[in-house]
J.: 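Have a look at the structure that comes next, please.
FYI, side chains are in, hydrogens and waters are out, and symmetry mates aren't considered; it's all heavy atoms of this structure. Whatever order the structure lists ligands and atoms in, that order sets their numbers, starting from 1.
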Amino acid sequence: MTDLTAAPVLVLLDHTPDGTLRSPVREIVTLAAGLSGGAGVHGAWAGAGEPPAEVLVELGTLGVTHVHRLVADADLHLSAVLAEALGSLVDATGARLVLLVSSFENKEAAARLAVATGAGVVTDADGLVVEDGRYVASKTVFAGTWSTRCAVTAPLAVVAVKANSVTVEAAAAPVAPAVVEHPVAVSAGARRVTLVERTERPSSGRPDLGSAHVVVVGGRGTEGDFSAVEELADVLGGAVGATRVATDEGWIGHDAQIGQTGVTVSPRLYIGAGVSGAVHHRGGMQASGTIVAVNSDADAPIFEIADFGVVGDLFTVLPQAAAELRRLKSEG
Ligand SMILES: Cc1cc2nc3c(=O)[nH]c(=O)nc-3n(C[C@H](O)[C@H](O)[C@H](O)COP(=O)(O)OP(=O)(O)OC[C@H]3O[C@@H](n4cnc5c(N)ncnc54)[C@H](O)[C@@H]3O)c2cc1C
């Protein structure tokens with residue numbers, strides 16, 4: 001039986017343009033440290049300069065032993081280029097597992113990497129273990145109504161893990177990661193698309209919807225007034241989401257839409273206000289840890305899946321909840 005813990009684990013270290021780690025990266029590094037045995041956790045760093053010193057310290061605390069700074073004469077934001085870079089790192093490190101955060105862009109890179117290397121790929125995983133010499137990933141499917149376990153039978157596993165799936169933990173002993181430059185020879189095929197321009201969306205100051213621990217969602221019941229939803233999200237340090245009705249009405253941007261034709265979220269806490277819980281919406285939130293619903297209609301379908309429900313007017317309930325949370329916070 002193959003001893004997978006004898007092989008290093010490769011982790012894509014997503015970060016902001018200024019070099020700050022994106023929050024779910026800490027989760028997959030924790031997962032990698034637990035799976036790598038003594039073989040080490042190798043991080044792939046795709047960015048203009050070196051990782052900042054404080055990031056290296058943090059990565060070392062989490063158990064990253066090596067950071068490979070990818071250097072390419074093509075844009076590593078393009079999934080074809082990134083997939084080739086990760087493929088060459090797999091060859092260089094002998095990794096048997098590549099972990100990525102399950103974002104839209106990373107899933108595309110994961111698929112390309114798997115096709116190029118013959119790897120087995122699992123996306124939207126919420127857990128990963130080694131069983132009988134194979135990596136076995138868990139994930140929910142069919143709008144969160146089924147839990148599945150997928151064993152990777154190929155020699156290389158590529159697994160994209162959903163945010164909020166792993167509790168971040170420091171490694172048993174911190175290390176000082178070695179920073180290694182890794183030049184990437186990009187193929188002509190990966191150059192078929194060139195990035196002409198990138199403009200970062202202005203930050204709302206709130207966490208990213210796809211990876212936030214808390215998401216507060218407004219539906220038609222808000223009648224376009226998201227102030228109570230935003231206030232509660234801010235008290236909880238959460239992101240603001242919406243139903244398709246709310247985005248179609250133009251009350252909030254389409255990137256806030258959660259559901260079958262929007263973003264899939266699985267925060268630790270989902271709060272739906274004025275949201276009926278239609279099947280197309282559930283498809284994007286049913287895997288959330290705790291579901292709270294505030295709806296004036298006691299027969300609204302969302303109460304069927306809610307862990308905690310309040311029958312009431314959101315414009316009364318949400319400000320009360322926000323005020324009480326503020327009071328509790330001020331008491332320390
Ligand atoms: C192909 C297809 C894809 C779709 N994809 C998506 C998707 O990705 N995401 C998505 O969300 N939808 C999607 N939809 C639409 C989906 O079917 C529902 O129409 C939508 O989710 C309903 O949004 P809602 O809950 O805001 O509105 P409604 O269903 O109208 O519910 C509004 C709720 O607010 C409550 N309410 C009203 N006033 C208050 C108040 N003051 N306080 C408290 N509660 C109040 C009402 O009791 C009601 O339950 C899709 C539809 C189709 C056909």
Side-chain angles (χ1 to χ4, degrees), residues 102-105 107-108 123-124 126 139-146 162-164 201 204 206-212 214-236 238-325:
S102 203
S103 64
F104 188 78
E105 301 83 355
K107 283 192 270 189
E108 191 176 315
T123 58
D124 290 333
D126 55 25
K139 64 182 279 183
T140 56
V141 295
F142 300 135
T145 53
W146 286 77
K162 279 196 309 184
N164 298 317
R201 240 183 304 143
S204 65
R206 299 192 179 99
D208 173 58
L209 183 58
S211 57
V214 178
V215 174
V216 186
V217 178
R220 194 198 300 272
T222 62
E223 292 177 8
D225 181 357
F226 264 64
S227 55
V229 171
E230 289 172 349
E231 184 193 10
L232 184 57
D234 289 342
V235 175
L236 290 166
V240 172
T243 64
R244 179 156 151 184
V245 166
T247 59
D248 280 355
E249 289 288 345
W251 297 338
I252 185 167
H254 276 284
D255 49 3
Q257 182 183 316
I258 292 169
Q260 187 179 306
T261 46
V263 182
T264 299
V265 298
S266 51
R268 303 219 164 107
L269 174 63
Y270 165 103
I271 302 175
V275 173
S276 63
V279 64
H280 300 105
H281 184 74
R282 289 184 189 200
M285 49 64 73
Q286 199 149 328
S288 302
T290 299
I291 297 174
V292 174
V294 181
N295 197 303
S296 49
D297 175 6
D299 294 324
I302 195 162
F303 288 126
E304 291 164 15
I305 55 164
D307 299 288
F308 183 78
V310 181
V311 179
D313 185 338
L314 74 91
F315 293 106
T316 309
V317 177
L318 264 50
Q320 282 179 1
E324 182 62 9
L325 284 164

J.: Measure the distance from atom 5 (N) of ligand 1 to every protein heavy atom, then report the residue, atom name and distance (to 0.1 Å) of the closest one.
T.: Thr261 OG1, 2.6 Å

J.: By number and element, which atoms of ligand 1 are closer than 4.0 Å to a non-hydrogen atom of Gln260?
T.: 7 (C), 8 (O)

J.: Report, one line per pair, each donor and acceptor closer than 3.5 Å where one atom sits in a side chain of residues 244-253; sequence neighbours left out.
T.:
residue	atom	partner	partner atom	Å
Arg244	NE	Asp248	OD2	3.4
Arg244	NH1	Thr261	OG1	3.3
Thr247	OG1	Arg244	O	3.1
Thr247	OG1	Gln257	OE1	3.1

J.: Determine the sole option in Val217, Leu314, Val229, Leu236 for which the side-chain contact (heavy atoms from CB on, under 4.5 Å) test with Ile271 is passed.
T.: Leu236

J.: Report the residue from Val214, Val215, Asn164 that forms a side-chain contact (heavy atoms from CB on, under 4.5 Å) with Leu269.
T.: Val214

J.: Counting only heavy atoms closer than 4.0 Å, does ligand 1 sit against the backbone of Gln257, its side chain, both, or neither?
T.: side chain

J.: I need the atoms of ligand 1 closer than 4.0 Å to a non-hydrogen atom of Asp313, numbered in the order shown.
T.: 40 (C), 41 (N), 42 (N)

J.: Any idea which protein heavy atom is nearest atom 27 (O) of ligand 1, and the distance to it?
T.: Arg220 CB, 3.5 Å

J.: For ligand 1, find out whether one of its N or O atoms is nearer than 3.5 Å to an N or O atom of Val245.
T.: no

J.: To the closest 0.5 Å, what do you measure between CD (Glu223) and CZ (Phe315)?
T.: 6.5 Å

J.: For residues Thr222 and Asp225, is any side-chain donor paired with an opposing acceptor at under 3.5 Å?
T.: no

J.: Specify side chain, backbone, both or neither for Ile258, according to which of its non-hydrogen atoms lie closer than 4.0 Å to ligand 1.
T.: backbone

J.: Give the residue and atom name of whichever protein heavy atom lies nearest to atom 25 (O) of ligand 1, and the separation in Å to one decimal.
T.: Ser276 N, 2.8 Å

J.: Hey, can you pull the donor-acceptor pairs under 3.5 Å for the side chains in residues 284-296, sequence neighbours left out?
T.:
residue	atom	partner	partner atom	Å
Ser288	OG	Met285	O	2.6
Asn295	OD1	Asp297	N	2.8
Asn295	ND2	Val275	O	3.1

J.: Considering only heavy atoms, does Ala278 approach ligand 1 within less than 4.0 Å through its side chain, its backbone, both, or neither?
T.: side chain

J.: May I ask you to list the atoms of ligand 1 that are less than 4.0 angstrom from any heavy atom of Gly312?
T.: 42 (N), 43 (C)

J.: Looking only at protein heavy atoms, identify the closest one to atom 2 (C) of ligand 1 and say how far it is in Å.
T.: Arg244 NH1, 3.5 Å

J.: Any idea which atoms of ligand 1 are less than 4.0 Å away from a heavy-atom of His281?
T.: 10 (C), 11 (O), 21 (O)

J.: What are the atoms of ligand 1, with element, lying closer than 4.0 Å to any heavy atom of Leu314?
T.: 40 (C), 42 (N), 43 (C)

